[in-house]
Number of protein chains: 2
Amino acid sequence: MISKNQDIPTPEVCTANIAAVRDALYVLNGKWKLPLIVTLLNGAKRFKEIQRSLNEITPKVLSKELKELELNGFLERKVFNTFPVSITYELTPYSESLDEVIESLRSWGEQHRKHLVKGRRLESVLQDH
Amino acid sequence: MISKNQDIPTPEVCTANIAAVRDALYVLNGKWKLPLIVTLLNGAKRFKEIQRSLNEITPKVLSKELKELELNGFLERKVFNTFPVSITYELTPYSESLDEVIESLRSWGEQHRKHLVKGRRLESVLQDH
DNA sequence: GATACTGCTATCCCAAAGGATACCGGTATC
DNA sequence: GATACCGGTATCCTTTGGGATAGCAGTATC
């Protein structure tokens, strides 16, 4: 329906589309939110596990991102009465609503890197991981 | 393939997925890039038209975002020899690679707002447009 | 004792993104 | 003259995102 080849949206539809995209970005924007959700697709994880899996994130930033994602209903924090205390984070059913978003970004990121390799522009417009 | 219900990705696949999502976010992250591309789905536009259509963006930010999108190959800036000079911005064929990304975000943003209305949490986690 | 684990928090800092405002020169209109 | 159009740019500022580092208490292991 948003495809440019077949059906140019009217200005009203375009405005509504922009609003919806902005709603999504408001919730999902930033360096770490979606990568964090992707790492939890593997199953529930503990704080340090997540940190290792995301490689370069500081505890402070991780803590803040987890809180926001919890607040928005994407993940659940579970506390277990062990020594030391252990806490797991796992995705909620609502996080499944993001599957298409994540898949489209993953797929696009993959093809974009290939596109750049083909055009030899890799160094200037992609980040190291 | 990234769906959680059917096929939990292995850690290696997960790492590759995170990397691909991060590539995409590196290029597309921020408040204005995708809304800007959405507004050009309507067809080529001039600077002031884009500004009006995006509503709250300053000329400075718009100029910067347009430059970056042009640099990344998503749009083309055309200069016409009129009085005063007129310049249009239009999407390139490469921008079509973003169609699924944009559509998934639009669709998600739409359902998320509905989800929040249903749960009466609109005020706290969505932005005004 | 030291070091490691746990999941954070506090402090300080920098970088980046974004906003507010004023302005440019050339032309057109009143 | 004033104001508007055009597409920006310059300056100053605020806000947000993220990073670096140190530290907490309780427990376990050497």
Exercise for the section: Classify the nucleic acid contact of B:Q51 as base, sugar-phosphate or nothing, counting any heavy atom under 4.0 Å across all strands shown. Expected result: nothing
Exercise for the section: Tell me whether the OP1 or OP2 atom of C:dT9 has a side-chain N or O from A:K67 closer than 4.0 Å. Expected result: yes
Exercise for the section: Just call it for B:E65: base, sugar-phosphate, or nothing, with non-hydrogen atoms closer than 4.0 Å on any strand. Expected result: sugar-phosphate
Problem - ILVMFWY cluster, A:V79 and A:F47 together (side-chain gap under 4.5 Å) - result: yes
Practice task
Respond yes when some side-chain nitrogen or oxygen of B:T58 is under 4.0 Å from OP1 or OP2 of C:dG18, and no when none is.
Solution key: no
Exercise for the section: Classify the side-chain pair B:T88/B:E90 by whether it contains a donor and acceptor separated by less than 3.5 Å. Expected result: no
Problem - Which residue lies more 5' along DNA chain D, comparing A:K33 with A:P59 via nearest heavy atoms - result: A:K33
Problem - side-chain N/O B:Y26 vs C:dA16 OP1/OP2, d < 4.0 Å - result: no
Problem - Touch class at under 4.0 angstrom, heavy-atom based, for A:Y89 against every strand present - result: sugar-phosphate
Problem - Donor-acceptor side-chain pairing of A:H112 and B:Y26 below 3.5 angstrom - result: no
Handout entry: Of A:N29 and A:P84, the one whose closest DNA chain D nucleotide lies more 5'
Key = A:N29
Handout entry: Nucleotide interval of DNA chain D bounded by contacts with chain A (heavy-atom cut-off, under 4.0 Å)
Key = D:dG18 to D:dT27
Practice task
Could you check whether B:K48 gets within reach of a base, just the sugar-phosphate, or nothing at all, counting any heavy atom under 4.0 Å?
Solution key: sugar-phosphate
